[in-house]
Amino acid sequence: MSTSSVRAEALAILERLGVSADAFAGDGAGTLPARSPVTGETITHLRTTSADETRASIARAEAAFSAWRKVPAPRRGELVRLLGEELRAAKDDLGMLVTLEAGKVVSEGLGEVQEMIDICDFAVGLSRQLYGKTIATERPDHRMMETWHPLGVAGVITAFNFPVAVWSWNTAIALVCGDPVIWKPSEKSPLTGLGVSAILARAIARFGDEAPEGLHHLLIGDREIGEILVDDDRVALVSATGSTRMGREVGPRLAKRFARSILELGGNNAAIVAPSADLDIALRAIAFSAIGTAGQRCTTLRRLIVHSSIYDQLVPRLAKVYGSVAIGDPRETGTLVGPLIDRDAFENMEAALTAAREAGAVVHGGGRAAGVGGEDAFYAKPALVEMPSQMAPMTQETFAPILYVVRYNDIHEAIAIQNGVGAGLSSSIFTLDMREAELFVSEIGSDCGIANVNIGPSGAEIGGAFGGEKETGGGREAGSDAWKAYMRRSTNTINYGTALPLAQGVTFEISE
């Protein structure tokens with residue numbers, strides 16, 4: 001496919017999705033370039049949101065909250081059902097836009113949109129299941145219960161690597177919970193933000209007048225816009241996806257004003273391969289988890305901990321896969337590894353490999369793939385790095401297709417290596433030994449938010465709550481009871497009797 005086709009294809013998709021031409025600002029000063037990593041070309045320039053416009057959006061969202069919270073939750077679910085319908089109709093176009101803007105292969109772009117559809121289905125059901133509890137009370141003729149109420153304006157800050165799915169995890173749940181949403185996508189993936197917002201606008205139009213003006217806002221801009229969301233008292237919750245460094249700045253600012261936060265931060269994920277492992281399953285799972293999305297998933301497998309007895313069986317097979325994997329234009333059939341997002345990502349990968357060699361590592365692969373993309377497109381060969389032990393740079397996350405490998409001899413040693421980094425997002429073990437599997441998912445096993453057995457750490461489903469521990473931030477999104485972050489809990493005690501017994505046997509008699 002030609003270089004020039006990327007720009008034309010992206011603009012045609014935006015038009016079909018219903019994005020207004022007013023969003024584009026040509027090449028004027030102060031506008032944001034929207035770039036494709038597939039070719040490195042700039043597709044267009046976008047109008048950015050000013051600080052004053054951001055504050056005005058927050059004000060409109062706050063006004064929308066007053067109306068939206070009074071709409072019954074199942075009715076709010078109807079809006080999300082319509083959003084799911086619109087996403088189904090636009091799946092091919094939106095999936096290709098993800099490919100063009102984030103560099104994902106076609107199946108992954110489509111898979112990300114399917115994830116959006118799935119979370120809409122989940123949220124529609126959830127709209128009738130925002131359950132509280134009836135609680136036993138020690139006082140006669142009393143009833144105690146808890147109820148859940150809409151929280152307020154939800155700010156969503158997303159990263160380039162999942163430019164639309166993470167928005168949907170937050171927005172589908174926030175809308176059924178009664179919260180308006182203000183979204184700031186990554187400045188590296190603004191076009192998908194425009195496309196998704198146009199899709200949601202169609203769903204809102206179909207839904208009708210019960211959806212107040214200001215229910216959803218898109219902010220196009222850089223860090224300054226995100227900081228306004230983080231610092232404004234009218235934003236009750238901020239869900240932020242990004243690096244641990246970003247979280248160290250966002251978290252304290254939200255805590256300072258007692259705002260709710262969902263932080264989805266770094267992930268230096270590991271897999272253990274035990275002597276009993278099915279190596280065929282392990283090989284395939286490792287390859288997808290480590291190489292897929294060009295190593296740019298937060299759940300990408302970055303550390304492989306292999307038992308010494310099978311090391312010489314598995315690692316040469318992995319090296320062969322790494323040497324033969326298809327790298328190229330993500331739109332082409334058969335491509336498994338597309339581009340890194342930009343030059344910085346490639347240079348960070350090169351720096352990490354240099355540091356590994358200096359630490360005594362044996363590096364298979366790595367470097368820039370020849371003959372792929374243009375001068376400003378950065379396709380990298382995946383690198384398999386045999387380390388003498390777990391040390392820098394293995395202990396730091398590099399957002400690129402680098403897989404570090406170390407040996408272990410005892411399962412407790414392997415778990416200690418797995419847990420011996422700051423991040424705590426995802427993890428896995430390959431074993432047919434029930435004791436090892438149960439140990440790994442026990443309280444003394446993996447310390448991550450996700451712990452898998454006989455699958456890789458990458459590729460979570462929306463039914464489970466997604467997120468991690470330690471420097472990953474502790475946030476949870478998508479399934480299970482993650483909805484509770486978007487609501488406030490109220491404990492209610494109702495006295496339907498004629499007396500006033502006090503709890504804990506306290507007496508307080510007054511006279512008139």
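Side-chain atoms are counted along with the backbone in the values below, which use heavy atoms only and exclude waters and symmetry mates. In this text the structure is predicted, and so the values were computed from the model without any measurement.
The shortest heavy-atom contact between L301 and A270 is CD1-C, 3.5 Å. The two residues F65 and P150 have their closest heavy-atom pair at CE1-CB, 3.6 Å. In terms of heavy-atom proximity, A165 sits nearest to M116 at CA-CG, 4.0 Å. Shown here for L46 and T31, the closest heavy-atom pair between the two residues is O-CB, 3.4 Å. Considering every non-hydrogen atom in both F466 and A460, the closest pair reads CD1-CB, 3.8 Å. Across all non-hydrogen atoms, the minimal contact from S239 to E477 is OG-OE2, 2.6 Å.
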query: Is there a side chain to side chain contact (heavy atoms under 4.5 Å, CB included) between K184 and T54 once you walk through the steps?
result: CA-CA 10 Å; K184 194 202 91 64; T54 299; over 6 Å; no
Derivation of the salt bridge (Lys or Arg N to Asp or Glu O under 4.0 Å) call for R297 and E108: CA-CA 11 Å; R297 289 182 176 225; E108 289 195 65; 3.0 Å; yes
task: Kindly indicate, with the supporting measurements, whether the criterion side chain to side chain contact (heavy atoms under 4.5 Å, CB included) is fulfilled by R248 and L265.
output: CA-CA 10 Å; R248 292 190 194 282; L265 310 176; over 6 Å; no
- request: Start with the C-alpha gap between E115 and W169, add the side-chain angles, then the distance that decides, and say whether side chain to side chain contact (heavy atoms under 4.5 Å, CB included) holds.
  value: CA-CA 9 Å; E115 196 167 344; W169 295 353; 2.9 Å; yes
field: Worked check of side chain to side chain contact (heavy atoms under 4.5 Å, CB included) between V235 and I58
entry: CA-CA 7 Å; V235 181; I58 294 171; 4.0 Å; yes
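Looking only at side-chain heavy atoms (C-beta outward), C448 and E469 stay at 4.5 Å or farther from each other. At least one side-chain heavy atom of V230 sits under 4.5 Å from a side-chain heavy atom of L254. The side-chain heavy atoms of R139 and T493, taken from C-beta on, include a pair separated by under 4.5 Å. Side chains of T171 and V196 form no contact here, defined as non-hydrogen atoms less than 4.5 Å apart. The shortest side-chain heavy-atom distance between L87 and L83 falls under the 4.5 Å cut-off. In this structure the side chain of N170 never reaches within 4.5 angstrom of the side chain of V181, judged on heavy atoms. Counting only heavy atoms from C-beta outward, the side chains of V238 and I262 never approach each other to under 4.5 Å. Contact of the M394 side chain with the R303 side chain is registered, since non-hydrogen atoms from C-beta on lie closer than 4.5 Å.
Centroid-to-centroid, the aromatic rings of W68 and H216 stay 6.0 Å apart or farther.
A salt bridge links R206 with E86: at least one charged nitrogen is closer than 4.0 Å to a carboxylate oxygen. By the 4.0 Å N-to-carboxylate-O rule, K470 lies close enough to D447 to be salt-bridged with it. With respect to D232 and R234, a salt bridge is recorded, a charged nitrogen being found less than 4.0 Å from a carboxylate O. Between E85 and R88 there is no salt bridge, since no side-chain N of the basic residue sits under 4.0 Å from a carboxylate O of the acidic one. For the pair R223 and E249, the salt-bridge criterion is met [side-chain N within less than 4.0 Å of a carboxylate O].
Relative to the ring axis of F440, R435 does not place its NZ or CZ within 45° and under 6.0 Å from the centre.
If you take CZ on F207 and CZ on R76, they are separated by 9.5 Å, rounding to the nearest 0.5 Å. Atom CG of residue D141 and atom OG1 of residue T498 lie 7.0 Å apart, to the nearest 0.5 angstrom. Expressed to the nearest 0.5 Å, how far CD1 of I13 lies from CG of D93 amounts to 5.0 Å. Taking CD1 from I291 and OG from S458, the interatomic distance works out to 12.0 Å, rounded to the nearest 0.5 Å. One distance of note links OG of S480 with CZ of R476; it measures 9.5 Å at 0.5 Å rounding. For the atom pair L151 CG and K484 NZ, the distance stands at 14.5 Å (nearest 0.5 Å).
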Using atom types as modelled, flag every donor-acceptor pair under 3.5 Å from a side chain in residues 95-102 to any protein atom, sequence neighbours excluded.
from, atom 1, to, atom 2, distance (Å)
T99, OG1, G95, O, 3.4
T99, OG1, K104, O, 2.9
E101, OE1, L191, N, 3.2
E101, OE1, T192, N, 2.8
E101, OE1, T192, OG1, 3.0
E101, OE2, L191, N, 2.7

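With hydrogens and angles ignored, the 3.5 Å screen pairs a side-chain donor or acceptor of Q129 with a backbone N or O of G125. A donor-acceptor contact shorter than 3.5 Å links the side chain of S243 to the backbone of M246. Looking only at distances, a side-chain donor or acceptor of E53 sits under 3.5 Å from a matching main-chain atom of S50. Counting only distance, with no hydrogens or angles, the side chain of N495 and the backbone of L500 share no donor-acceptor pair below 3.5 Å. Judged by distance alone, the side chain of E112 and the main-chain N or O of V164 form a donor-acceptor pair under 3.5 Å. Of the possible donor and acceptor atoms, none in the side chain of T134 sits under 3.5 Å from a partner among the backbone N and O of M145.
For CZ of R128, the number of neighbouring non-hydrogen atoms (other residues, nucleotides, ligands) closer than 6.0 Å is 12 at most. Under a cut-off of 6.0 angstrom, the local environment of CD in E461 is sparse, with at most 12 non-hydrogen atoms contributed by other residues, nucleotides or ligands. Atom CZ of R257 has more than 12 heavy atoms from other residues, nucleotides or ligands within 6.0 Å.
If you check the side chains of N348 and T398, you find no donor sitting under 3.5 Å from an acceptor. At a cut-off of 3.5 Å, with distance as the only test, no side-chain donor of E146 or N492 sits close to an acceptor on the other residue. Residues S276 and T431 have side chains that bring a donor and an acceptor to within less than 3.5 angstrom of each other. Side chain to side chain, T395 and Q390 fail the donor-acceptor criterion of an N or O pair below 3.5 Å. No hydrogens or angles considered: a donor-acceptor pair under 3.5 Å links the side chains of T158 and W183. Side-chain N/O atoms of T299 and S426 include no donor and acceptor closer than 3.5 Å. Defined by atom type and a distance below 3.5 Å, a donor-acceptor pair is missing between the side-chain atoms of N452 and S427. Using modelled atom types and a 3.5 Å distance limit, the side chains of T241 and E264 yield no donor-acceptor pair.
Applying the side-chain hydrogen bond (donor to acceptor under 3.5 Å, both in side chains) rule to R143 yields no partners; only residues at least two apart in sequence or on another chain are considered. With sequence neighbours left out, S428 forms a side-chain hydrogen bond (donor to acceptor under 3.5 Å, both in side chains) with no residue at all. Taking the side-chain hydrogen bond (donor to acceptor under 3.5 Å, both in side chains) definition, one finds that D231 meets it with R253, sequence neighbours left out. Residues that satisfy the side-chain contact (heavy atoms from CB on, under 4.5 Å) test with P401, not counting sequence neighbours, are L340, M349, P382.
Every pair tested for ring pair (Phe, Tyr, Trp, His ring centres under 6.0 Å) that includes a residue from residues 96-119 fails, sequence neighbours excluded, so the list is empty.
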